[in-house]
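Step one of this worksheet: look at the structure below.
Within every chain, numbering begins at 1; the chains are lettered A, B, ... in the order of the sequence lines, protein sequences first and strands thereafter.
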Number of protein chains: 2
Amino acid sequence: MVRQSEPIAAARIPLSKDRVLRGAITVADAGGIEALTMRKLAEELGVEAMSLYYHVANKEALLDGMADAIVGEIEQAVGGFDVPSNGVDWKAAIRRRILAAREVMLRHPWAPGVIETRTTVSPAMMRYFDSLIGVFRAGGFSYDLAHHALHALGSRAIGFSQELGEPHDGEQADQDVTVMLEQMADQLPYIVGMLQAISHDDPDSTLGWCDDQVEFEFALDLILDGLERLRNKA
Amino acid sequence: MVRQSEPIAAARIPLSKDRVLRGAITVADAGGIEALTMRKLAEELGVEAMSLYYHVANKEALLDGMADAIVGEIEQAVGGFDVPSNGVDWKAAIRRRILAAREVMLRHPWAPGVIETRTTVSPAMMRYFDSLIGVFRAGGFSYDLAHHALHALGSRAIGFSQELGEPHDGEQADQDVTVMLEQMADQLPYIVGMLQAISHDDPDSTLGWCDDQVEFEFALDLILDGLERLRNKA
DNA sequence: ACCTGAACACCGTTCAAGT
DNA sequence: ACCTGAACACCGTTCAAGT
């Protein structure tokens, strides 16, 4: 009989906080955040549920770590949070960071919800905000205006905007929506009118009337342009 | 012995979907959303947990109903979602709705989280959006620009903006923060600089550097002004 | 029609115990 | 130092049964 040195590929790798966090992100990516239970995560890692508590204080701390790791992905994507020198194109630099952040969020759809519910700002998030403020400063913003800017951007600063009726998920057929809209026409005339006006422009579908990338950039530029105007006025 | 017609005040009032929803909102207002369990809600209503399922399909449906009720509160606060006639001051009308919505959200701090996680747009939310679009239209917006406007407002349209490091909750003492900031000064120079610059203006505290009402209105007006500019250009 | 008791499957977490 | 088994308190929910 062979010594059977590798029963399952990486099953012998000892647990670590890093491995726990990576596993948790994998589980959440695959099955959504509601699929992330301590027991399922343990199974994913080939370990007993209670072993996790040796590396992570509790589930809340696990979520904290996941949020930090996701912001770390942004940091990696933009090649570090270094602040450019004075006189840089601040708008382009901010835009690049935020659009990179958005791409990371699109890869991890559960992340916005987790980030939003954190009660403490993670270290990576601190570095991210610091770099945003730094860019604003290099672009000639006062600290006061930079502060306003962060509030105005809100969660858009880290790449997501909470859309309100979003998760249609394509479950419902276009035709159902069309029928429903006709029934509502008298109660909700403006919504119906808007959907009709927009679906004419985009004859492809009634449901896909929101190109999220376009809308995200529209709102982002609206805010950045407004900030620029305030910056120049001061 | 008396007939004991009223053992406990309203204990004999039969359950109803409305009473269940009101009870749920009461529980969430008092103890936060994590205090809202089917068992606790039943207790609040003087009933057995399983009775709730006669009036509400499941907990998700309960949350749907709560979200709808909260938007109903906005509707009540602004005196109905009627759309004003043409040529109205659209900016003031939008502002009024959104600031009223914000007040409702401040009364129910759990509501944003619940509203955000709904997968379907509730009837009251439909009416609210319809009224917003109606106001934009009456103010001379194209359907296309009104659509962009809703996306740009995001959740701010219903009165909240997801602030990222918000729930400080005043737990941490100001002094702790001051000490912490000194320690971070080399790692996070811009955050530290910003906090110092702002706390100079507002010597009252280091923590209370965000007057949320001011910041909310700043961002709201930034967006509304941007929209106005686009409207006038078209 | 409306409410309930008992039970099920599943959570997060503690704690004493193993190696 | 790292991992585990058994147990606890607590979930949402089903289902058959009561009035």
Side-chain angles (χ1 to χ4, degrees), chain A residues 4-28 30-67 110 113-114 117-120, chain B residues 4-28 30-67 110 113-114 117-120:
Chain A
Q4 197 192 349
S5 53
E6 292 180 4
I8 297 151
R12 291 294 86 174
I13 299 178
L15 226 47
S16 68
K17 180 162 182 184
D18 196 72
R19 236 163 69 75
V20 169
L21 291 181
R22 284 178 194 286
I25 290 173
T26 302
V27 170
I33 198 64
E34 79 280 357
L36 180 68
T37 69
M38 299 303 268
R39 285 167 163 91
K40 283 239 192 74
L41 172 54
E43 194 180 359
E44 164 83 18
L45 293 167
V47 103
E48 226 53 39
M50 292 68 207
S51 310
L52 301 172
Y53 287 87
Y54 191 85
H55 299 93
V56 113
N58 49 37
K59 191 172 183 183
E60 212 58 19
L62 175 69
L63 295 172
D64 287 346
M66 292 169 75
W110 50 269
V114 170
T117 54
R118 294 313 85 206
T119 55
T120 162
Chain B
Q4 196 191 349
S5 54
E6 291 180 4
I8 297 151
R12 291 293 87 174
I13 298 179
L15 226 47
S16 68
K17 179 161 183 185
D18 196 72
R19 235 162 71 75
V20 169
L21 291 181
R22 285 179 195 287
I25 290 173
T26 303
V27 170
I33 198 65
E34 79 280 358
L36 180 68
T37 69
M38 298 305 267
R39 284 167 163 92
K40 283 238 192 72
L41 172 55
E43 194 179 2
E44 164 82 18
L45 293 167
V47 101
E48 226 53 38
M50 293 67 208
S51 310
L52 301 172
Y53 287 87
Y54 191 84
H55 299 93
V56 115
N58 49 39
K59 191 172 184 183
E60 211 58 20
L62 175 70
L63 295 172
D64 286 345
M66 292 168 76
W110 50 269
V114 170
T117 54
R118 294 312 85 208
T119 54
T120 160

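Looking at heavy atoms from C-beta onward, B:Met50 lies out of side-chain contact with B:Met38 at the 4.5 angstrom threshold. Side-chain contact between B:Thr117 and B:Leu63 is absent, with no heavy atoms from C-beta onward closer than 4.5 Å.
The minimum heavy-atom distance between A:Leu41 and A:Gly23, with the atom names listed, is CD1-C, 3.5 Å. Across all non-hydrogen atoms, the minimal contact from A:Thr37 to A:Lys59 is CA-NZ, 4.3 Å. The two residues B:Leu45 and B:Val20 have their closest heavy-atom pair at CD1-CA, 4.0 Å. Across every non-hydrogen atom of B:Ala42 and B:Glu48, the tightest pair is CB-C, 3.6 Å. Annotation for A:Ala61 and A:Asn58: closest pair N-OD1, 3.0 Å, computed over non-hydrogen atoms.
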Given pairs defined as Watson-Crick or G-U wobble with both distances under 3.5 Å, what dot-bracket annotation applies to DNA chain C, with ( ) intrastrand, [ ] crossing, | other strand and . unpaired? ||.|||||...|||||.||
What string of B, S and - do you get for nucleotides 2-11 of chain D, 5' to 3', when a contact is any protein heavy atom under 4.0 Å? BBBBBB---B
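Across the protein-nucleic acid pair, B:Lys17 atom NZ and C:dA1 atom P stand 18 Å apart, rounded to whole Å.
Sequence neighbours left out, not one pair with a member in residues 32-44 of chain A passes salt bridge (charged side-chain N to carboxylate O under 4.0 Å, His left out).
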